[in-house]
Amino acid sequence: MHLHSTSNITDIPSIWQDIQAKVDRMIALIGAKSPHMAGADGKYDDQRIDWWTSGFWPGLLWVMHEVTGEDRYKESAWEWDERLERQMLQPNSFDHDVGFHFLPTAVVKHRLTGDEDAKRRALFAANFLAGRFNLNGQFIRAWNGNMHGWSIIDTSMNLSLLYWASLESGDPRFAQIATAHANTVLKHFIREDGSVRHIVCFDPLTGEYDETLGGQGAAPDSGWSRGAAWALYGMANTYRYTGDAAYLRASQRVAHYFLANLPEDHVPHWDFRASETLEGEPRDSSAGAIAASGLLELAGLLAEKEGRVYREAAERMLGSLYAIYGTWDDNEHEAILKHGTGHKPAGQNVDVSLIYGDYFFVEAVAKLNGWKQRVF
Ligand code: GLY
């Protein structure tokens, strides 16, 4: 256990110092790997480049570069959008998650360095994402194969790639598709009580609603916490891009559900309705980190008086993640946070470190540290 056993994140400069020291060690340990999850041995795996998580490690490095101005982070992040493009031009399994790949690599690289190849790659990815839109159902399809009518809550976070593409190219089609999908999220994914569905299946021909599946949540009517985090953050972003208060209110509704269901240490279980008492159910630190960053986004979009409750909740969550879930004292551990849960129903990656947990933790602390730019 790290000695900073406070759950109040007051000393941001010292936490940032810990992060910087940790990331410097991670650069040496991770090398050219594409990290996704680290188990009990603390070693990150080396996932394929078209797996949905490959943008997070370079994204974390770009945020470090932007906040510190240090070139070593830029140098370690530089080639990732090239690696992604090489894979895109070969047989691959890219899907609705190209936002997760290209926003934290090509888009941020172009913004920070003006690199024109990075911009071209990101626009290529945006076209790919726009091409997954189902006109009759008004949704972006999720995975590949014969799941033509399946759409998932995670896509809420990928919409920023489409809004970026419209701003960058002047072509409104990308934003129109993003907004149409966001409206489907409001209609079919976010429930009255602020919990969310993971998978909604539509008839791919008519676009009619067909059924809801539990997916990575415990059941079709459960409350998968990471799905809620994606919705909270994604709808806040959609409000930032559109100015339509319906998305802001949806983000707030999910935030209220999320915060009302947190356990004592402010870090969520993997599903808020996994069982009656949640006794023994694993946590998902990644859901906590994503939601904390989303809550800071939400707070920033509201007047100080209205946003304070979200900011303070995010600070409590980040304080707990830092004090209880961090690996600060283990120099050989390649991740920042422990106790993430990837896919509990499939028994995959339960109680492990997850690179997206690390990314969103660093991103959220960077926001508290005054970082004003955005990746998502
Ligand atoms: N597929 C994204 C997630 O596991 O949250």
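Fair warning: this is a prediction, and the values are worked out from it, not measured in the lab. Read the numbers this way: they start at 1 and go in the same order the structure lists the ligands and their atoms.
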J.: Mind checking whether Tyr209 and His188 have parallel, tilted or perpendicular rings, split at 30° and 60°?
T.: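 Judged by the thresholds at 30° and 60°, the geometry between Tyr209 and His188 is parallel.
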
J.: If the plane angle is over 60° it's perpendicular, under 30° parallel, otherwise tilted; pick one for Phe56 and Tyr356.
T.: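 Tilted, since the angle between the ring planes falls between 30° and 60°.
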
J.: For residues 297-320, pull every pair meeting ring-ring contact (aromatic ring centres under 6.0 Å, His included), keeping only residues two or more places apart or in separate chains.
T.: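 Only His256-Tyr310 qualify under ring-ring contact (aromatic ring centres under 6.0 Å, His included).
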
J.: Cation-pi between Lys109 and Trp62: NZ/CZ under 6.0 Å from ring centre and within 45° of the ring axis?
T.: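 Here Lys109 fails the 6.0 Å and 45° test against Trp62.
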
J.: Taking the six-membered ring for Trp, are Trp51 and His36 parallel (under 30°), tilted (30 to 60°) or perpendicular (over 60°)?
T.: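 The rings of Trp51 and His36 stand perpendicular, inter-plane angle above 60°.
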
J.: Can you tell me if Thr206 and Asn136 form a side-chain donor-acceptor pair at under 3.5 Å?
T.: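 On atom types as modelled, these side chains do not qualify, holding no pair under 3.5 Å.
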
J.: Between ligand 1 and the protein, find all N/O pairs closer than 3.5 Å and give the distance for each.
T.:
| residue | atom | partner | partner atom | Å |
| --- | --- | --- | --- | --- |
| ligand 1 | 1 (N) | Asp154 | OD2 | 2.9 |
| ligand 1 | 4 (O) | Gln216 | NE2 | 2.8 |
| ligand 1 | 4 (O) | Arg226 | NH2 | 2.7 |
| ligand 1 | 5 (O) | Arg226 | NE | 2.6 |
| ligand 1 | 5 (O) | Arg226 | NH2 | 3.2 |
| ligand 1 | 5 (O) | Trp230 | NE1 | 2.9 |

